[in-house]
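Below: the structure, in structure tokens.
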Amino acid sequence: MRVLHFYKTSFPDTMGGVEQVINQIARGAVRLGVQTDVLSLTPDRVARTVEIDGYLAHRARLHMQIASTGFSASVFFQFSQLAKKADVIHYHFPWPFMDLVHFATRVNMPTLVTYHSDIIRQKQLLKLYRPLKQKFLASMDRVVATSPNYLATSDVLAGLSSKVTVIPIGLDKSTYPQPTEDRFQFWRDKLGSKFFLFVGLLRYYKGLHILMEAAQGTDYPIVIVGSGPIEQELKTQAAQLSLRNIHFLGQCSDEDKVALLTLCYAVVFPSHLRSEAFGVSLLEGAMYGRPMISSEIGTGTTFINIADQTGLVVAPSDPVALRQAMRYLWENPERAAEMGRRAEERYWKHFTADKMVRSYVDLYSELAG
């Protein structure tokens with residue numbers, strides 16, 4: 001069996017949440033005997049194909065980008081050629097240009113789409129896109145939601161309930177590097193032995209401006225790992241609020257990220273909009289046994305973090321509630337440690353890559369007949 005994944009970006013060009021999911025599915029499916037291709041767009045002048053852990057990552061040249069949607073003239077032919085070899089095509093939503101490619105190339109084989117997120121920000125463009133979106137989703141043989149929470153709160157998924165399957169995102173801990181003792185000691189020396197940690201791309205929906213407000217009047221060290229379009233804006237806000245307990249580390253290596261996840265006291269994840277459909281870096285916190293703080297936004301974040309069991313869940317866009325949650329964990333280390341243990345137990349029960357991949361491979365087999 002051969003499966004083709006199609007999304008606007010992929011590893012090794014970028015490693016956001018969706019890209020991590022595609023990489024985990026692809027490498028896991030290969031181990032189960034499924035030939036796998038991943039097609040995405042790249043800003044590189046030379047769009048070459050590379051082999052990654054047994055699967056092929058094909059890239060078409062990105063020609064322009066409008067409202068976070070990449071466009072490529074060459075990808076139509078490349079997609080068509082790869083699709084002819086596939087038994088199943090696995091799309092990843094949202095990416096409006098993908099819908100155009102799907103219909104323009106007249107795909108006539110089993111298809112499924114993982115519905116990663118509603119479209120939240122581009123409301124005016126959504127009005128124009130809605131007819132195409134509805135036609136695309138209706139044409140799919142199966143739609144996958146990444147959590148029961150998102151299925152229950154998405155108006156779009158509600159209209160597709162007869163063809164929706166829930167497959168939670170999973171991670172393979174064995175693929176994460178083991179830091180050296182030198183790296184652990186480096187971060188202990190730099191940050192101390194007790195700090196809150198955020199990991200992720202610095203985007204508008206991550207709620208980090210709320211975290212800045214919540215940090216006022218506290219001295220808890222707060223470490224922010226990642227870069228993104230609002231990085232300078234956040235640094236300016238931290239300076240204006242005279243916050244001396246915020247540490248912006250920028251992009252870190254995987255080894256350093258694991259060291260920080262292992263050493264941190266708790267993971268704070270203040271995303272306040274439904275654009276945060278799951279929270280892969282929140283799940284990484286659970287995987288490393290850290291208590292979590294997140295917001296109730298009706299998405300997978302609250303499927304990962306169960307209130308008062310694996311961490312604390314607060315109202316979105318509420319810096320006071322976020323500050324109180326941080327204070328509670330900080331002042332109750334035994335309770336925080338117990339939440340961390342439960343978080344890791346929940347990871348092993350529900351969120352391993354093996355569990356996710358086997359569910360997808362079963363679905364591929366069902367669709368391919």
Side-chain angles (χ1 to χ4, degrees), residues 2-23 25-26 35-52 55-141 143-144 156 201 203-204 227-229 275 277:
R2 189 163 190 162
V3 174
L4 170 62
H5 291 261
F6 191 34
Y7 187 59
K8 60 185 177 182
T9 51
S10 72
F11 186 74
D13 287 335
T14 56
M15 201 55 170
V18 176
E19 295 93 327
Q20 287 192 61
V21 172
I22 295 171
N23 182 53
I25 297 171
Q35 285 185 273
T36 304
D37 298 281
V38 176
L39 177 59
S40 62
L41 307 187
T42 180
D44 293 349
R45 287 188 173 277
V46 179
R48 59 194 179 92
T49 295
V50 296
E51 182 177 338
I52 303 171
Y55 71 89
L56 294 176
H58 310 268
R59 275 84 59 78
R61 179 80 187 280
L62 171 68
H63 289 113
M64 65 176 177
Q65 193 153 329
I66 302 171
S68 301
T69 295
F71 292 83
S72 169
S74 61
V75 79
F76 290 91
F77 177 75
Q78 199 165 351
F79 175 82
S80 181
Q81 294 301 109
L82 289 168
K84 289 176 184 176
K85 302 175 185 177
D87 298 297
V88 176
I89 296 178
H90 187 165
Y91 295 106
H92 295 267
F93 180 96
W95 181 27
F97 180 67
M98 175 180 68
D99 307 17
L100 291 174
V101 175
H102 169 74
F103 288 115
T105 53
R106 300 184 179 183
V107 168
N108 185 24
M109 64 188 61
T111 56
L112 74 147
V113 59
T114 297
Y115 190 94
H116 291 279
S117 173
D118 293 333
I119 295 175
I120 305 297
R121 198 178 196 187
Q122 291 90 4
K123 295 187 185 303
Q124 295 305 315
L125 290 174
L126 178 58
K127 293 178 182 178
L128 298 174
Y129 169 51
R130 186 175 287 114
L132 176 61
K133 178 192 73 172
Q134 291 173 338
K135 184 179 180 182
F136 172 76
L137 292 172
S139 74
M140 294 294 105
D141 294 304
V143 177
V144 175
V156 174
L201 293 171
R203 291 177 171 162
Y204 70 96
S227 60
S275 300

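Along the sequence shown, the residues carry numbers beginning at 1.
Nearest heavy-atom pair across Val143 and Tyr115 is CG1-CB, 4.0 Å. For Gly70 against Leu62, the heavy-atom pair with the smallest separation is CA-CD1, 3.6 Å. A pairwise comparison of heavy atoms in Leu132 and Pro96 identifies CD2-O, 4.1 Å as the closest pair.
Taken from NE2 in His63 to OG in Ser72, the straight-line distance is 5.0 Å, to the nearest 0.5 Å. Between atom NZ of residue Lys84 and atom OG1 of residue Thr105 there is a gap of 10.0 Å, rounded to the nearest 0.5 Å. Distance check, rounded to the nearest 0.5 Å: CZ of Phe93 to CG of Asp118 gives 7.5 Å. Atom NE2 of His90 is separated from atom CZ of Phe6 by 13.0 Å, given to the nearest 0.5 angstrom. Atom-to-atom distance recorded for Met98:CE and Ser40:OG is 13.0 Å, nearest 0.5 angstrom. Atom-to-atom distance recorded for Thr14:OG1 and Leu201:CG is 8.5 Å, nearest 0.5 angstrom.
Considering only heavy atoms from C-beta on, Val50 comes within 4.5 Å of Arg59 through its side chain. Inter-residue side-chain proximity for Thr111 and Ser139 is flagged as unmet; no heavy-atom pair is nearer than 4.5 Å. When side chains are defined from C-beta on, Leu41 does not count as touching Gln65, because their heavy atoms never get closer than 4.5 Å. Within the 4.5 Å cutoff, the side chain of Ser10 has no heavy atoms near those of the His58 side chain. Two residues are said to be in side-chain contact when any heavy atoms from C-beta on lie closer than 4.5 Å; Lys135 and His102 fail this criterion.
Looking at Arg2 and Asp37, a side-chain N of the basic residue comes within less than 4.0 Å of a carboxylate O on the acidic one, giving a salt bridge.
Between His92 and Tyr7, the angle of the ring planes goes over 60°, which puts this pair in the perpendicular group of the 30/60° scheme.
Here the side chain of Glu19 pairs a donor or acceptor atom with the backbone of Gly16 at under 3.5 angstrom. Listed for the Thr36 side chain is no donor-acceptor partner under 3.5 Å among the backbone atoms of Val3.
If you run side-chain contact (heavy atoms from CB on, under 4.5 Å) between Tyr91 and each of Val107, Asp99, Thr114, Val101, only Val107 comes through. Across Leu39, Thr49, Leu4, Val38, a single residue satisfies side-chain contact (heavy atoms from CB on, under 4.5 Å) together with Leu56, and that is Thr49. Across Phe71, Phe79, Phe136, a single residue satisfies ring pair (Phe, Tyr, Trp, His ring centres under 6.0 Å) together with Phe97, and that is Phe71.
Atom CZ of Phe76 has more than 12 heavy atoms from other residues, nucleotides or ligands within 6.0 Å.
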Go through the steps for Asp44 and Asp13 under the test side chain to side chain contact (heavy atoms under 4.5 Å, CB included), then give the verdict.
CA-CA 9 Å; Asp44 293 349; Asp13 287 335; 4.0 Å; yes
